[in-house]
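What follows is one structure encoded as structure tokens, with my remarks underneath.
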Amino acid sequence: QVQLVESGGGLVQVGGSLRLSCTASGLGRAFGSRAMAWFRQAPGKEREFVGNIGWSGGSTNYADSVKGRFTISRDNNKNTVYLQMNGLKAEDTAVYYCGRARALYGSSVGQEYDYWGQGTQVTVSS
């Protein structure tokens, strides 16, 4: 049984930082053979792509809205992917989800991810 569990969300002030983690279980070594991504969903809005990281961690892509502020990394030995969020803005408030891609390299399309976590709330107060 595959599970992705996000953690690290919380309440932070504008300009602050948070580090989210997503740990996978039930994948074993297969964790390191797929891209991973972070998406987010704000109240009343559709889920949107935040960024992804290739299977080895050597390639990353980000949405324009977070580029330069967010950084994705992964530790395949720990079956964990991270999202470091700096310079947080009120508009970053959302539930953040991690997803596992169906391929080595991910995309910005949600349908190309087959496993999802339950999400972790990030609230940025002004």
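- Between Trp38 and Phe49, the gap from one ring centroid to the other reaches at least 6.0 Å.
- Residue Asn76 comes nearest to Ser56 through the heavy atom pair ND2-CA, 4.5 Å, listed as atom of the first residue, atom of the second, then distance.
- Judged by distance alone, the side chain of Arg102 and the main-chain N or O of Gln111 form a donor-acceptor pair under 3.5 Å.
- Between atom CG of residue Leu27 and atom OG of residue Ser25 there is a gap of 7.5 Å, rounded to the nearest 0.5 Å.
- Residues Ile72 and Tyr62 share a closest heavy-atom pair of N-OH, 2.8 Å.
- Hydrophobic clustering, with ILVMFWY side chains joined whenever heavy atoms are under 4.5 angstrom apart, keeps Leu4 apart from Phe39.
- The CE atom of Met36 sits 4.5 Å away from atom SG of Cys22, with the distance rounded to the nearest 0.5 Å.
- Pairing each heavy atom of Ser17 with each of Gly87, the nearest pair is OG-N, 4.4 Å.
- From Thr71, atom OG1 reaches atom CG of Leu83 across 8.0 Å, with rounding to the nearest 0.5 Å.
- A continuous path of hydrophobic side-chain contacts links Val81 to Val66 [ILVMFWY only; heavy atoms under 4.5 Å].
- Heavy-atom minimum distance, Ser107 versus Glu112: OG-OE1, 2.8 Å.
- Shown are Trp116, Phe31, Tyr115; of these, the side chain to side chain contact (heavy atoms under 4.5 Å, CB included) with Val2 is made only by Tyr115.
- Take Asp114 and apply the salt bridge (Lys or Arg N to Asp or Glu O under 4.0 Å) test, not counting sequence neighbours, and it matches Arg100.
- Side chain of Ser65 to main chain of Ala63: no donor-acceptor pair is present (N/O by atom type, distance under 3.5 Å, no hydrogens or angles).
- Residues Val50 and Val12 share a single hydrophobic cluster, defined by chaining ILVMFWY side chains whose heavy atoms lie under 4.5 Å apart.
- Atom CG of Leu104 is separated from atom OG of Ser33 by 7.0 Å, given to the nearest 0.5 angstrom.
- By the 4.0 Å N-to-carboxylate-O rule, Lys67 lies close enough to Asp64 to be salt-bridged with it.
- In this structure, Glu6 and Tyr96 have side chains that are not in contact, with every pair of non-hydrogen atoms separated by 4.5 Å or more.
- Residues Leu18 and Val122 have side chains in contact (heavy-atom distance under 4.5 Å, counting atoms from C-beta outward).
- Contact of the Leu88 side chain with the Phe70 side chain is registered, since non-hydrogen atoms from C-beta on lie closer than 4.5 Å.
- Using modelled atom types, no side-chain atom of Tyr97 and backbone atom of Ala37 make a donor-acceptor pair closer than 3.5 Å.
- The neighbour count for Glu91 CD, taken as heavy atoms of other residues, nucleotides or ligands under 6.0 Å away, is above 12.
- Side chain of Thr120 to main chain of Gly9: a donor-acceptor pair is present (N/O by atom type, distance under 3.5 Å, no hydrogens or angles).
- If you check the side chains of Asn79 and Thr23, you find no donor sitting under 3.5 Å from an acceptor.
- The side-chain heavy atoms of Arg40 and Asp92, taken from C-beta on, include a pair separated by under 4.5 Å.
- What you find for Asn52 and Gly106 is that their closest heavy atoms are ND2-C, 3.3 Å.
- Side-chain contact check for Arg19 versus Met85: every heavy-atom pair is 4.5 Å or farther apart.
- Side chains of Lys89 and Arg69 form a contact here, defined as non-hydrogen atoms less than 4.5 Å apart.
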